[in-house]
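Quick one: this structure, given as C-alpha cells, is what I'll be asking you about.
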Amino acid sequence: MGKPRVPVKIVDWSEIVEWSRGLAARILESGWRPDLIVAVARGGFVPARLLCDFLDITDLLSVQSQHWVEAAKAAEKAILKYPYKVDASGRNVLVVDDIVDTGETLALAKRFIEREWGPREVRTAALQWISSVAKFKPDYYYIEVRDWTWFQYPWTRLEDLQQFIARIFREDERARGRILGEDELESLFREWYGVAPADFGDYWKLALDRLVEKGILERVNGGLKLLKR
Ligand code: AMP
C-alpha cells in the first residue's frame, strides 16, 4: 500500500492519560506553577482536566476558538466565540490545547487572556506540537511531531470518522455518484487514511448509521451512496 492521502494515527484513552501525565511532569520540572488553567474548547478539555488532577489545581475555565472563513477570502482565521472577561490579576494562567498544528488557536487564546484578563503571566501547553508547520511553539509540550499527521483523539472519534467517510464519497473519483459495497468502502478507507475501519471498533457502524440518519448517505442494494443535497 502506498502513502495515505491523509495520514491518520488513532490515539487511545490510555495514551492521553500517559501524555497528560508527562506534560504535567514537564510543567512541574520547570518550577512554574499555574493558579488557573484555561482549556481551549473543544480539544483542550480532556488534557486540561487531567492536568488539573496531576498538578493539583482546582480552577479551570475554558475559551472556545472557532475557525472563521472570512468572506471572499480563502484563508481561515481563528476567532474566539465567547470573548468574556475574567479578573485574573496576580494569577499565573496556563492555556491548554490538545495539539499545536498551525498554532493559531493557542496564540490567539494567549493574546486574548493577556490583554483582557490582566493576569500576572500566561503560558501555553499542548500534548503535541507539530514543529514542522507550527508558527507558534508552546511553552510546554509532551510530543514533538515532525511529519504532519491527523491525530484521531478519542473525544472526536465519531465526528472524525463521519468526516473521513463522507470525504471519500465526495472526493474520490471511484466513489463519486456510485454505490459502494462494504468491502470497496473499507479498501478505499485504508488507502485514504492508512488505518482500517476495524481499528475504530463499534464507532465504524455508529458513524455509518449517523451519516444515513443525517441524510448524507443512503443505503441502496446492500451498499452505500452519497445523497445529493
Ligand atoms: P491549530 O491549527 O493549531 O490552530 O489547531 C486548531 C485545532 O484543530 C487544534 O486544537 C486541534 O483540536 C485541531 N487540530 C489541528 N490539527 C490537528 C491534527 N493534526 N490532529 C488532530 N487535531 C488537530
Side-chain angles (χ1 to χ4, degrees), residues 3-20 22-23 26-27 37-52 60-70 73-83 93-115 122-168 171 189 192-195 199-200 203 207:
K3 246 184 111 194
R5 291 201 204 186
V6 183
V8 170
K9 158 98 175 65
I10 300 173
V11 181
D12 61 39
W13 286 110
S14 61
E15 288 174 294
I16 294 300
V17 177
E18 188 190 317
W19 298 353
S20 300
L23 181 59
R26 301 255 159 98
I27 296 163
I37 289 186
V38 178
V40 179
R42 294 171 292 163
F45 261 84
V46 175
R49 182 61 187 89
L50 290 168
L51 284 181
C52 285
L60 173 62
L61 292 177
S62 174
V63 292
Q64 179 152 27
S65 110
Q66 193 180 38
H67 277 101
W68 193 259
V69 183
E70 285 181 280
K73 272 198 187 164
E76 287 195 358
K77 207 172 159 257
I79 57 158
L80 290 184
K81 209 168 167 186
Y82 303 100
V93 178
L94 182 68
V95 190
V96 179
D97 209 348
D98 45 7
I99 189 166
V100 174
D101 188 327
T102 63
E104 257 195 57
T105 305
L106 209 47
L108 173 79
K110 178 183 155 88
R111 276 199 310 273
F112 171 77
I113 292 166
E114 279 173 345
R115 212 176 44 222
V122 179
R123 292 195 187 180
T124 53
L127 298 179
Q128 297 180 285
W129 168 52
I130 309 187
S131 56
S132 51
V133 297
K135 286 174 275 177
F136 177 88
K137 183 182 180 184
D139 297 299
Y140 305 100
Y141 58 89
Y142 187 61
I143 293 170
E144 177 177 354
V145 177
R146 290 195 178 79
D147 297 322
W148 190 92
T149 303
W150 183 265
F151 291 91
Q152 206 300 287
Y153 298 117
W155 49 83
T156 48
R157 207 72 103 208
L158 194 52
E159 186 178 316
D160 283 359
L161 205 40
Q162 289 178 71
Q163 284 172 14
F164 291 162
I165 296 166
R167 191 159 171 199
I168 293 176
E171 295 181 21
F189 189 89
W192 267 73
Y193 305 107
V195 286
D199 300 332
F200 291 85
Y203 280 88

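In this text the structure is predicted, and so the values were computed from the model without any measurement. Counting convention: from 1, in listed order, for ligands and their atoms alike.
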(request) Under the side chain to side chain donor-acceptor pair (under 3.5 Å) rule, collect the residues that match up with E159, sequence neighbours excluded. (result)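 Result, side chain to side chain donor-acceptor pair (under 3.5 Å) vs E159: R42.
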(request) Run the numbers on I27 and R123 for side chain to side chain contact (heavy atoms under 4.5 Å, CB included), then give the verdict. (result) CA-CA 10 Å; I27 296 163; R123 292 195 187 180; over 6 Å; no
(request) Take F189 and L161 through the side chain to side chain contact (heavy atoms under 4.5 Å, CB included) test and state the conclusion after the steps. (result) CA-CA 10 Å; F189 189 89; L161 205 40; 3.6 Å; yes
(request) Specify the closest pair of heavy atoms between K110 and V122, including all atoms of both residues, with the distance to one decimal. (result)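 Closest heavy-atom pair between K110 and V122: NZ-O, 3.1 Å.
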(request) Using heavy atoms and a cut-off under 4.0 Å, could you grab the residues that are in contact with ligand 1, chain by chain, numbers ascending? (result)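 Those residues closer than 4.0 Å to ligand 1 by some heavy atom are H67, D97, D98, I99, V100, D101, T102, G103, E104, T105, I130, W148, T149, W150, F151, Y153.
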(message) For V46 and Y153: C-alpha separation, side-chain torsions, deciding distance, then whether side chain to side chain contact (heavy atoms under 4.5 Å, CB included) applies.
(response) CA-CA 10 Å; V46 175; Y153 298 117; over 6 Å; no
(request) Kindly assign one of parallel, tilted or perpendicular to the pair W13 and W155, based on the angle between their ring planes and the thresholds 30° and 60°. (result)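 It falls in the tilted class, 30° to 60°.
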